[in-house]
There are 2 protein chains.
Amino acid sequence: MPTIAATIIQILAEEIIGGTLAPGSKLEEKVLAERFQVSRTPVREALREMGARGLIELIPRHGGVVANIGIAELADMLEAECELEALCAQLAAQRMSVVEKKQLERLHEQTEALVKGQDEGEYLTLNKKFHDVICAGTHNQTLSGMLRGLRDRLSAFRNAQAGTERRLAVSHEEHGAVVEAILASDGAAAYAAMRNHDARLSTKVLDRLRDSRHERTAPRTERPAAAHLHST
Amino acid sequence: MPTIAATIIQILAEEIIGGTLAPGSKLEEKVLAERFQVSRTPVREALREMGARGLIELIPRHGGVVANIGIAELADMLEAECELEALCAQLAAQRMSVVEKKQLERLHEQTEALVKGQDEGEYLTLNKKFHDVICAGTHNQTLSGMLRGLRDRLSAFRNAQAGTERRLAVSHEEHGAVVEAILASDGAAAYAAMRNHDARLSTKVLDRLRDSRHERTAPRTERPAAAHLHST
DNA sequence: GATGAATTATATGTATACATATTGACATCA
DNA sequence: TGATGTCAATATGTATACATATAATTCATC
């Protein structure tokens, strides 16, 4: 039997990652305690752990809010994700076993039908699986763990925005290039293909955020020395 | 005034990273509570956060122990560190401002004296600073945060072992190559130099661990499919 | 009517008390 | 002798109670 705190973490994390709990939402201990019919103790521990994971922001004596990412931070996270994921793709290409490759190939084929059917919801599920399989393919728990943690944090934010990605076909095609490179055990090609894929999505996400922020509130001046994103 | 839990985290983390608390040490809430003259509550919260950070292992109903890294995990972490650090060096080369570069250069020069004087203790301090400056030079908080977290976890482990690095001169020379590349804004060279540096250290750390484990206890068979470390 | 100080209210931080699961010892039995 | 099961001891998990800092409200004053 898992501990109550662990259960709460799982539920809240899913809600944050899934977008039910929007970034900026306040998380009050008392409210959560009542909701889960438990005392504040396990709730506090859950919040603390989620804070350490970066899913929520935890300010002393002010409680927690679902991590609301500024434009500068988002740019950082997207860049890190892009680099990490490309690296993982490269390692996966070099290390995946035959059965792992087969699994990846099948997954990609299954997705094809969803693209034609424009089934966005199911597509996103398989999309997550796709990246997870590649993570596992690195045979490096540290790297894959870091990437997945980062993806979770970003996911929380992506899902809070409207439609995630209209043109499924383009994404699918880019995935195809990654799959092909991995099946051919071509690390460099896998790296390049994945980097290209993520970089394109990143600019889209950033653009959309910039637009939506511009309408409502002035952008927070968080990091004056702007990064030269993807200048490589 | 920081919270008690935060204070405890800082103290314990330092002890773990510094090697005072050796990997495998049990961390009992009651003992810690008595030591810090506080109740178990803040201690528990501290432990939980450190668990999320990976500094300690936290098993439900069994309490926490300072993270004791197996050979397979260590290999994973070292590989991740190597790749991340090389990436950061590359970005730093591309993005560091003039003053940041100057700072890095000065730091490297200061270290030179310590190498000649064989002052290991002080060298390690500046060594950490050296890597921190490069982290900052990426202008990417996400990446640098991940790398620093990883370095902390590894540091806990490195310091538990005997002498960290005998041949300071070699290390210093390798650092020199990194500095040179960064000052020249040569991303590729910085990447290669840092990767070379970390890869060499990694094999040394792994070898030493393998030896020490072989003497005492049989290696845990944790990940049957061994990674092809640094096969790129 | 607006501003600001003082007071009340509330949420978080910490301490204590209780519930429950695990560990170890000891006894019993095959 | 060794294995197993019961019981006591103890550590963790959870709940409740108290302390304190922040927020919200009130009320007085300008």
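Both backbone and side-chain heavy atoms feed into the values below; hydrogens, waters and symmetry mates do not. Note on naming: letters A, B, ... go to the chains in the order of the sequence lines (proteins, then strands), and numbering restarts at 1 for each one.
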Q: B:E29 CD to C:dT16 P: how many Å, rounded?
A: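 Between P of C:dT16 and CD of B:E29: 15 Å.
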Q: Counting only side-chain heavy atoms from C-beta out, which of C:dG13, C:dA11, D:dA15 sits nearest to A:K30?
A: C:dA11
Q: Counting only heavy atoms not in B:E57 (residues, nucleotides, ligands), do more than 12 fall under 6.0 Å from its CD?
A: no
Q: If we count only N and O atoms by modelled type, under 3.5 Å, do the side chains of B:Q141 and A:D76 hold a donor and an acceptor together?
A: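 Absent: no donor and acceptor within the cut-off.
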Q: Out of D:dT22, D:dT12, C:dA15, which nucleotide sits closest to the side chain of A:R61?
A: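 That would be D:dT22.
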Q: Please report, rounded to the nearest Å, how far the P atom of C:dA9 is from the CD atom of A:E28.
A: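 It is 18 Å, rounded to the nearest whole Å.
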Q: Heavy atoms from C-beta onward define the side chain here; which of D:dG13, C:dG13, D:dA23 lies closest to that of A:H62?
A: D:dA23
Q: Using a cut-off of less than 4.0 Å, is there contact between a side-chain N or O of B:R44 and OP1 or OP2 of D:dG13?
A: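 For D:dG13, OP1/OP2 do have a side-chain N/O of B:R44 under 4.0 Å.
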Q: Consider the side chain of A:T41, meaning its heavy atoms from C-beta on, and name the nucleotide among D:dT12, D:dA21, D:dT16 that approaches it most closely.
A: D:dT16
Q: Which of parallel (below 30°), tilted (30 to 60°) and perpendicular (above 60°) describes B:H175 and B:Y123?
A: parallel
Q: Expressed as a whole number of angstroms, how long is the span from B:I8:CD1 to C:dT14:C1'?
A: 11 Å
Q: Using whole Å, what does the distance between atom P of nucleotide D:dA11 and atom CG of B:L58 come to?
A: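 Distance check: B:L58 CG to D:dA11 P gives 16 Å.
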Q: Taking atom types as modelled, find out whether B:E100 and B:H139 have a side-chain donor-acceptor pair closer than 3.5 angstrom.
A: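 Distance-only check passes for B:E100 and B:H139.
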Q: Using whole Å, report how far CD1 of B:I4 lies from P of D:dT20.
A: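 Checked: the CD1 to P distance equals 11 Å.
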Q: Can you figure out which of C:dT12, D:dT12, D:dT14 approaches the side chain of A:R40 most closely?
A: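 Of the candidates, C:dT12 comes closest.
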Q: Between B:G64 and A:Q37, who's closer to the 5' end of DNA chain D by nearest nucleotide?
A: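 By nearest-heavy-atom nucleotide position, the 5'-most residue is B:G64.
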Q: Look at the side-chain N and O atoms of A:T3 and state whether any lies under 4.0 Å from the OP1 or OP2 oxygen of D:dT14.
A: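 For D:dT14, OP1 or OP2 has a side-chain N or O of A:T3 closer than 4.0 Å.
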Q: Give the rounded distance in Å between these two atoms: CZ of B:F36 and C1' of C:dT14.
A: 16 Å
Q: Counting side-chain heavy atoms from C-beta on, which of D:dA23, D:dT12, D:dA15 comes nearest to A:S39?
A: D:dA15
